[in-house]
Protein chains: 2
Amino acid sequence: MFSMATIRDVAKQAGVSVATVSRVLNSNGYVNNETKKKVDEAIRQLNYKPNAVARSLYKKTSKTIGLIVPDIVNPFFPELARAVEDTAHKKGYNVFFCNTDENVEKEEHYLEILLQKYVDGVIVASNTLTAEKVKELNIPVVSIDRKITAEIPTVVVKNKEGAQKATSYLKEIGCERIAHLRGPHHIDNANERADGYLEEVGSAPWFQSSYIADGNYVMKTAIQATVELLERHPEIDGIFAANDVMAIGAVKAAHRIGKMVPEELAIIGFDGISMAEATTPELTTIAQPIYDMGTAVTDLLVKLIEKKPVERTFLELKVELIERESTRKQNNNKGGREHGAKDHSSRQY
Amino acid sequence: MFSMATIRDVAKQAGVSVATVSRVLNSNGYVNNETKKKVDEAIRQLNYKPNAVARSLYKKTSKTIGLIVPDIVNPFFPELARAVEDTAHKKGYNVFFCNTDENVEKEEHYLEILLQKYVDGVIVASNTLTAEKVKELNIPVVSIDRKITAEIPTVVVKNKEGAQKATSYLKEIGCERIAHLRGPHHIDNANERADGYLEEVGSAPWFQSSYIADGNYVMKTAIQATVELLERHPEIDGIFAANDVMAIGAVKAAHRIGKMVPEELAIIGFDGISMAEATTPELTTIAQPIYDMGTAVTDLLVKLIEKKPVERTFLELKVELIERESTRKQNNNKGGREHGAKDHSSRQY
DNA sequence: ATACTGTGTGTAACCGGTTACACATCAGAA
DNA sequence: TTCTGATGTGTAACCGGTTACACACAGTAT
């Protein structure tokens, strides 16, 4: 067993001081060209790699960020995590990966560990954190998908606008009784999406609040809720589900009851997760630019870390309607504009 | 802006030496109970948190591991990553998260960075790494899902056995012409699964090699391959796809052609990804114990890191047939035994 | 001749922990 | 009484980088 070469080994090998080696490594200060060659040669010979931990200790920065998500298994987060990691890597940062299950203690525990490990900043996808906690961390924290407070930089999407887009699209294709399968009341984006729905149909003559069913963003309960909804209101011919997972549940419920999708019932989701393409019929949805959100939030964090100027600390990204098979226009029946090919969509298992 | 308290601040505050504080922190060596109280009080007053970087530098260990996957977006990996992170966290380790897209240079680059950051070990899900490269890292490396070489500890599943199980299950429910949608030739598990299929039907009188179609583990090409397969051999009444994503593609192809699943064509996949439950009909599959694999591989790695004894360095886990709707028994028609409820299946978005 | 600036290099302190070693005290054994 | 071992604490070296500072020497301006 042998141990890694240190900067002192390199210095000895090259016949110079450690300061000079350090200067060569970081290309700062003055170094004679001949000296530099000797040092480079010594580095090559010893296969020297500088020790990032020692560097971190002195510089008080680790070129590392933390990514805190509720659960990577939740289909929204893999693409987000991918974008964060890609962007961080491009900028020279590594990412620590943490799952909190929306559990406050777990989250605070992770933050403490990350802080002790000198992370330069943290990306949080969670709603349990308080502004106070964040402030005492003394490092940049940005939030994705959930607003925490006005002080914390955030990247979200236009949830209300997207919900309006979804609902008005259902109207447009001829739906006359449109229901909403909403998300949990304690999650902001669920409320915003419900607001968007109400904005479009809340004052329609047929509307009643019983057209809104409570879901909690998971498939199983969405199936049950949809079955009850359709039993309560058999006249429903369109459902806007607040996320894709529930929309998939709604499709299953319709199938179970024997309602044809989209002929008798149009269903539209929200999120644009890849699972929505696995269903039959494939799901029409309001797609969030998940990858772009990850890129944007990471860019923002890195700028804050490196104290570069940032234009805005609150980004509200646009969503996009993707027409697939779970809805069909009354008049024309074309497949509809899809997403542009994503640069990372061709990967294989 | 204020800076973090150090061990020397604590020592001063408590009126003791840094060694004593360190002893209290790590509960080793002798410390008088009264002294310990003073130190604890000083720690509390200053809200002192030990600096993990400084500790790493001296101890040459960071309580950090690397997780290298091809692409977290690939539906197999989120659950694996979750298991790895859960297990690592439980044992006091943080995980660096890296996506390589099966790209050798990217992979080697990540390994180099991880090494410089003093990671204690690495989990690799990849087939591009050579044993030589791994050896010169001088830290424990374990492999998941892919065998690299005999020397590198590995956790895989019984692919051939699973494939046989899938194929014989199709025979059992009455299929008489069973095709195989295989994975890429350069991936071991694809070859093992093809072997398992051949073992079951390779010597059947009806068998021809044209019953095997090349797929590359992605949905789009699987759809095309299935369409061609069914045009070539309309008599096919069962398809074993080498992964779930291709099986979903096969379901779509059947739907497109107008073949009823499972009535006219039974389809079975492999992997047990959650997406397989989103389809209509829901997919019968050979489920890998993905979460367990992640737990096992992390346990193994941590044991190697901590130089604890390990029983075996090659684990081949069992797979399990999950009957759902895309296949149906000729005789009895019961829903079939599902997975036990996974402890992490109830999370919400 | 003097001062000044740019180039090139080395010494040693520093980052914030851990621990080897030295030393002191005290109880119980020989 | 002396020896031994357990208890308790402090000093300083160490981990492997970075950099402030000192210094030396050249070339050029005054």
Side-chain angles (χ1 to χ4, degrees), chain A residues 2-40 42-43 46-64 112-113 115-120 138, chain B residues 1-40 42-43 46-64 112-113 115-120 138-139:
Chain A
F2 84 114
S3 140
M4 217 64 184
T6 74
I7 198 171
R8 283 164 234 269
D9 299 328
V10 175
K12 188 172 289 176
Q13 175 88 1
V16 299
S17 75
V18 293
T20 300
V21 177
S22 182
R23 287 188 195 106
V24 171
L25 286 173
N26 302 291
S27 8
N28 56 18
Y30 295 109
V31 180
N32 181 290
N33 210 23
E34 287 305 304
T35 313
K36 176 170 159 30
K37 270 185 200 154
K38 282 193 296 182
V39 172
D40 284 335
I43 287 172
L46 298 174
N47 188 30
Y48 168 74
K49 303 274 185 297
N51 180 325
V53 172
R55 180 175 289 167
S56 286
L57 181 58
Y58 187 89
K59 306 263 270 193
K60 293 178 183 301
T61 164
S62 60
K63 287 287 182 179
T64 298
E112 194 164 294
I113 294 174
L115 207 58
Q116 291 182 217
K117 292 208 172 165
Y118 261 41
V119 297
D120 298 329
N138 277 310
Chain B
M1 207 60 191
F2 84 113
S3 138
M4 217 64 186
T6 74
I7 198 171
R8 281 162 237 269
D9 298 331
V10 175
K12 189 172 290 176
Q13 175 89 1
V16 299
S17 74
V18 292
T20 300
V21 177
S22 181
R23 287 188 195 105
V24 171
L25 286 173
N26 302 291
S27 6
N28 57 17
Y30 294 110
V31 180
N32 181 291
N33 209 23
E34 287 307 304
T35 314
K36 175 168 158 34
K37 270 186 199 152
K38 281 192 296 180
V39 172
D40 284 335
I43 287 173
L46 299 174
N47 189 29
Y48 168 74
K49 303 274 186 296
N51 180 325
V53 173
R55 179 175 290 169
S56 287
L57 181 58
Y58 187 89
K59 307 261 271 191
K60 293 177 183 299
T61 164
S62 60
K63 288 285 182 181
T64 298
E112 193 164 296
I113 294 174
L115 207 60
Q116 290 181 218
K117 292 209 170 163
Y118 261 40
V119 296
D120 299 330
N138 276 310
I139 55 171

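Throughout, protein chains are lettered first and strands after them, A, B, ... in sequence-line order, and every chain is numbered starting at 1.
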Inset, instruction - Determine: side-chain N/O of Tyr118(A) to OP1/OP2 of dG17(C), distance under 4.0 Å, yes or no. - result: no
Inset, instruction - Look only at the side chain of Asn26(B) and the backbone of Asn28(B), and say whether a donor-acceptor pair between them is shorter than 3.5 Å. - result: no
Legend entry - Euclidean distance, atom NZ of residue Lys49(A) to atom P of dG17(D) [Å, nearest integer]: 12 Å
Legend entry - Interatomic distance, Arg55(A) CZ vs dC15(D) P [rounded to whole Å]: 19 Å
Legend entry - Test item: side-chain donor near acceptor, Ser56(A) and Lys117(B), under 3.5 Å: no
Inset, instruction - Mind checking the NZ-CG spacing from Lys36(A) to Leu25(A)? Nearest 0.5 Å is all I need. - result: 9.0 Å
Legend entry - Comparing Tyr58(A) and Gly29(B) on DNA chain D - which has the more 5′ nearest nucleotide: Gly29(B)
Legend entry - Residue closer to the 5' end of DNA chain D, Lys60(B) versus Lys36(B) (nearest nucleotide): Lys36(B)
Inset, instruction - Would you classify Ser56(A) as touching base, sugar-phosphate or nothing, given that sugar-phosphate means primed atoms plus P, OP1 and OP2, and contacts are heavy atoms under 4.0 Å? - result: nothing
Inset, instruction - To the nearest Å, give me how far apart CG (Leu57(B)) and P (dC14(D)) are. - result: 14 Å
Inset, instruction - Return no unless some side-chain N or O of Asn26(A) is found under 4.0 Å from OP1 or OP2 of dT18(D). - result: yes
Inset, instruction - Assign each of Val31(A) and Arg8(A) to its nearest nucleotide of DNA chain C by heavy atoms, then name whichever residue's nucleotide is nearer the 5' end. - result: Val31(A)
Legend entry - Leu46(A) CG - dG17(D) P separation (whole Å): 12 Å
Legend entry - Side-chain N or O of Thr6(A) closer than 4.0 Å to phosphate OP1/OP2 of dC15(D): no
Inset, instruction - Look at Thr35(B) and dT9(D) and indicate whether a side-chain polar atom (N or O) is within less than 4.0 Å of OP1 or OP2. - result: yes
Inset, instruction - Look at the side chain of Asp120(A) and the backbone N and O of Ser62(A), then say whether any donor-acceptor pair between them is shorter than 3.5 Å. - result: yes
Inset, instruction - Look at the side-chain N and O atoms of Ser22(A) and state whether any lies under 4.0 Å from the OP1 or OP2 oxygen of dG17(D). - result: no
Inset, instruction - Have a look at Val18(A) and say if it touches a base, only the backbone sugar-phosphate, or nothing, with a 4.0 Å heavy-atom cut-off. - result: base
Legend entry - Whole angstrom value for the distance that separates P of dG8(C) from CG of Asn33(A): 9 Å
Inset, instruction - Specify the separation, in whole Å, of atom NZ of Lys37(B) and atom P of dT9(D). - result: 13 Å
Legend entry - Residue closer to the 5' end of DNA chain C, Ala19(A) versus Tyr30(A) (nearest nucleotide): Tyr30(A)
Inset, instruction - Give Val53(B) one of three labels, base, sugar-phosphate or nothing, depending on what nucleic acid heavy atoms sit under 4.0 Å from its own. - result: nothing
Inset, instruction - Would you kindly give the NZ-to-C1' distance between Lys117(A) and dC15(C), to the nearest whole Å? - result: 19 Å
Inset, instruction - Can you tell me the distance, in whole Å, between the CZ atom of Arg23(B) and the C1' atom of dT7(D)? - result: 11 Å
Legend entry - Side-chain N,O (Thr20(B)) to OP1/OP2 (dG10(D)) below 4.0 Å: yes
Inset, instruction - Would you tell me whether Asn51(B) and Tyr118(A) have side-chain atoms, one donor and one acceptor, within less than 3.5 Å of each other? - result: yes
Inset, instruction - Might you work through the side chain to side chain contact (heavy atoms under 4.5 Å, CB included) test for Val16(A) and Arg23(A), ending with a clear yes or no? - result: CA-CA 11 Å; Val16(A) 299; Arg23(A) 287 188 195 106; over 6 Å; no
